[in-house]
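As structure tokens, the structure follows; a few thoughts come after it.
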Amino acid sequence: MASPTKQGLHKAKSDEATGSGQPRPLLEAEAEALGESVDAVASRVLEQRKKYAAKCAKIEAARIKARADIRAVTSPAEQKRIVNRLSADLLS
């Protein structure tokens, strides 16, 4: 997991990429450093954000299902099996 500072930076870049007509210092600095256009950097940031959102949705759905499954079983062994399955699913 990214540090709070890095998370803030990612959010700021995402905000810059979605905003129009506003200053975009982070994207401009990255574009200059990479020799790319600001629009190319913004597109990449938005695509990465989309992938991250999809990954988060998958994790959240699996977590909610595991919680419901754990509540429905009665033995610790069954609970452990569900937790192990969740871990395996998240690693794949």
Side-chain angles (χ1 to χ4, degrees):
M1 178 175 259
S3 70
T5 302
K6 194 166 185 179
Q7 289 174 349
L9 181 62
H10 286 253
K11 176 157 179 13
K13 285 173 63 175
S14 180
D15 290 347
E16 285 186 13
T18 57
S20 60
Q22 63 183 4
R24 303 192 292 182
L26 295 171
L27 298 181
E28 290 168 5
E30 185 172 333
E32 184 177 333
L34 297 174
E36 298 178 353
S37 72
V38 174
D39 288 339
V41 173
S43 293
R44 188 172 53 251
V45 167
L46 292 175
E47 185 60 32
Q48 289 169 341
R49 198 66 175 151
K50 220 162 58 171
K51 288 178 184 177
Y52 178 75
K55 184 176 181 180
C56 287
K58 177 184 173 189
I59 291 168
E60 184 64 1
R63 184 190 69 78
I64 290 169
K65 177 156 179 17
R67 278 182 66 184
D69 290 349
I70 286 170
R71 288 184 178 137
V73 298
T74 56
S75 79
E78 290 172 303
Q79 292 174 346
K80 179 69 173 165
R81 182 185 52 75
I82 292 166
V83 169
N84 289 341
R85 186 182 68 219
L86 173 62
S87 295
D89 288 348
L90 294 179
L91 292 174
S92 63

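Side chains are part of it too, since the values below use all heavy atoms of this structure and drop only hydrogens, waters and symmetry mates.
Pairs engaging residues 29-44 under the salt bridge (Lys or Arg N to Asp or Glu O under 4.0 Å) rule: Lys13-Glu30, Arg24-Asp39, Glu30-Arg44, Glu36-Arg44 [sequence neighbours left out].
The hydrophobic cluster around Leu27 extends to Val38, Val41, Val45, counting ILVMFWY residues whose side-chain heavy atoms fall within less than 4.5 Å of a member. Under the 4.5 angstrom side-chain criterion for Ile, Leu, Val, Met, Phe, Trp and Tyr, Leu34 has no cluster partners at all.
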Please list every donor-acceptor pair under 3.5 Å in which a side-chain atom of residues 79-90 meets a protein atom from a residue at least two apart or in another chain.
residue: Asn84; atom: ND2; partner: Lys80; partner atom: O; Å: 3.4
residue: Arg85; atom: NH2; partner: Asp69; partner atom: OD2; Å: 2.9
residue: Ser87; atom: OG; partner: Val83; partner atom: O; Å: 3.2

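Evaluation of the side chain to side chain donor-acceptor pair (under 3.5 Å) rule for Glu60 yields Arg63 as partners, not counting sequence neighbours. Applying the side chain to side chain donor-acceptor pair (under 3.5 Å) criterion to Gln48, with sequence neighbours excluded, gives no partner residue. Glu28 meets the salt bridge (charged side-chain N to carboxylate O under 4.0 Å, His left out) test with no other residue; sequence neighbours excluded. Residues satisfying the side chain to side chain contact (heavy atoms under 4.5 Å, CB included) criterion with Pro23, sequence neighbours excluded, are Pro25. Residues satisfying the side chain to side chain contact (heavy atoms under 4.5 Å, CB included) test with Thr5, not counting sequence neighbours, are Ser3. Contacts of Lys50 classified as salt bridge (charged side-chain N to carboxylate O under 4.0 Å, His left out), with partners at least two apart in sequence or in another chain: Glu47.
When all heavy atoms of Arg71 and Arg67 are compared, the pair lying nearest together is NH2-NH2, 2.6 Å. Residue Ala12 comes nearest to Leu26 through the heavy atom pair CB-CD1, 3.5 Å, listed as atom of the first residue, atom of the second, then distance. When all heavy atoms are compared, the tightest approach of Ala17 to Ala42 is CB-O, 3.8 Å.
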